*Asks:* 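Quick one: structure below, then a few questions.
Bear in mind that the values here come from a model prediction, so they are computed numbers and not experimental data.
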Amino acid sequence: MTLRLAIVADIHHGAPSSTKRGDAAMGLMEEFARYVRDADVTHVLDLGDRISDVDHDTDLRLEAEVAEAFRAVGTPIWHLNGNHDRDHLSVAQNEEILGQSLGHETHDVGGWRIVLWRADSRIYRSSDHSGFILREADLLWLSRTVQAADRPLLIVSHVPLSGHSQTGNYYFQNNPGLSTYPMAERARAALAQARVPVVCLSGHVHWNTVTTVDGIPHLTQQSLTESFTTEGTPAGAMGVIELGETVRWTVDGLDPFRAELTPGLRRWTPPLPEFRAHPELRARHAAPES
């Protein structure tokens, strides 16, 4: 049995901001509702960043407008918070607006376990730290969930864990530390504990990518309203992922993307350390004694 889920990421409803065309978000959400109705899916995944944050009162209004737009979808929706949803609003306020819990959850559907890893997605700004914080409680929940898995896992998060290159990315080429969690390698180590196939799906970085790390494919979906890849016009990215023995992921819109994957159980040989830090390699390349 193949499970089909629809995906929308980084809606960014609000005023235009840099290359984010938030002014087009509500019209594109109407298109997304029609897209879901035609897609024959069981659930919808909202990967977060529903708004472009301004201040507390404005963000409450913008989030409520997006929640109202989601009501037209007519298919069960699993929401995640992005960093813009959390700049001025609490998790509880997002829960109240969306009408659902936004803590970690798992759902067994169609032979797969959907893991909603709702780790802390707020960007913290202080004199000694600017960026995400990978909290120990979030990491431990992920590790224990992966260890206990008895069926394939789709791990869904707002922030990617792959740590893949951001070369060419409008936002993150020169700000790579904000594209993932610090200590993301610990989260990847937790994923490697799985005895079942694993696929990871995220938003946040505003482009379509597939990166395989340690035999585990990591997918990121383009933003609904991003325009840096589409010459100033919002991408209108709307996706469907089909989960079976083969995983098929399709993103429609002005920045289309297709991928077909067969996740397995094989893990890779651990990488070498820096050559100069490896005693054997250092000795091999040392100058011979005279």
*Asks:* Once salt bridge (charged side-chain N to carboxylate O under 4.0 Å, His left out) is applied, do any residues pair with R37, and if so which ones, sequence neighbours excluded?
*Replies:*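 So R37 forms no salt bridge (charged side-chain N to carboxylate O under 4.0 Å, His left out) with any residue.
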
*Asks:* Through direct or indirect side-chain contacts below 4.5 angstrom among Ile, Leu, Val, Met, Phe, Trp and Tyr, which residues connect to L3?
*Replies:* L5, I7, L45, L47, W78, L80, V109, W112, I114, L116, L154, V156, V199, L201, V210, L219, I241, L243, V247, W249, V251, F257, L261

*Asks:* Sub-3.5 Å donor-acceptor pair from the side chain of D255 to the main-chain atoms of A237, do we have one?
*Replies:*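 Side chain of D255 to backbone of A237, a donor-acceptor pair under 3.5 Å: no, none is there.
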
*Asks:* A side-chain contact here means heavy atoms from C-beta on lying under 4.5 Å apart; do Y170 and K20 qualify?
*Replies:* no

*Asks:* Given a cutoff of under 4.5 Å between side-chain heavy atoms of I, L, V, M, F, W and Y, with clusters grown through shared members, what are the other residues clustered with L98?
*Replies:*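 Under the 4.5 Å side-chain rule, L98 groups with V91, L102.
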
*Asks:* What are the two closest non-hydrogen atoms of G48 and D46, and how far apart are they?
*Replies:* N-OD1, 3.1 Å

*Asks:* Rounded to the nearest 0.5 Å, what separates atom NE2 in H206 from atom CD in Q166?
*Replies:* 11.0 Å

*Asks:* Do the rings of W117 and H104 sit parallel, tilted or perpendicular, given the 30° and 60° boundaries?
*Replies:*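 Geometry flag for H104 against W117: parallel rings.
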
*Asks:* Nearest heavy-atom pair of Y181 and D120: which atoms, and what distance?
*Replies:* OH-O, 2.8 Å

*Asks:* Could you list the cluster mates of I133? Members are the ILVMFWY residues connected by side-chain heavy atoms closer than 4.5 Å, either directly or through other members.
*Replies:* Y124

*Asks:* Is any side-chain N of the basic residue among D214 and R188 closer than 4.0 Å to the acidic one's carboxylate O?
*Replies:*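 The answer is no: the pair does not qualify as a salt bridge.
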
*Asks:* Can you sort out the partners of R248 under side chain to side chain donor-acceptor pair (under 3.5 Å), two or more places apart, ordered by chain and number?
*Replies:* E260

*Asks:* For R135, look at atom CZ and say whether over 12 heavy atoms of other residues, nucleotides or ligands are found less than 6.0 Å away.
*Replies:* yes

*Asks:* Would you mind listing the cluster partners of L281? Hydrophobic ones only (ILVMFWY), side-chain contacts under 4.5 Å, chaining allowed.
*Replies:* L272, F275

*Asks:* Whether the S52 and H12 side chains hold a donor-acceptor pair (N or O, under 3.5 Å, no angle test) is what I'd like checked.
*Replies:* yes

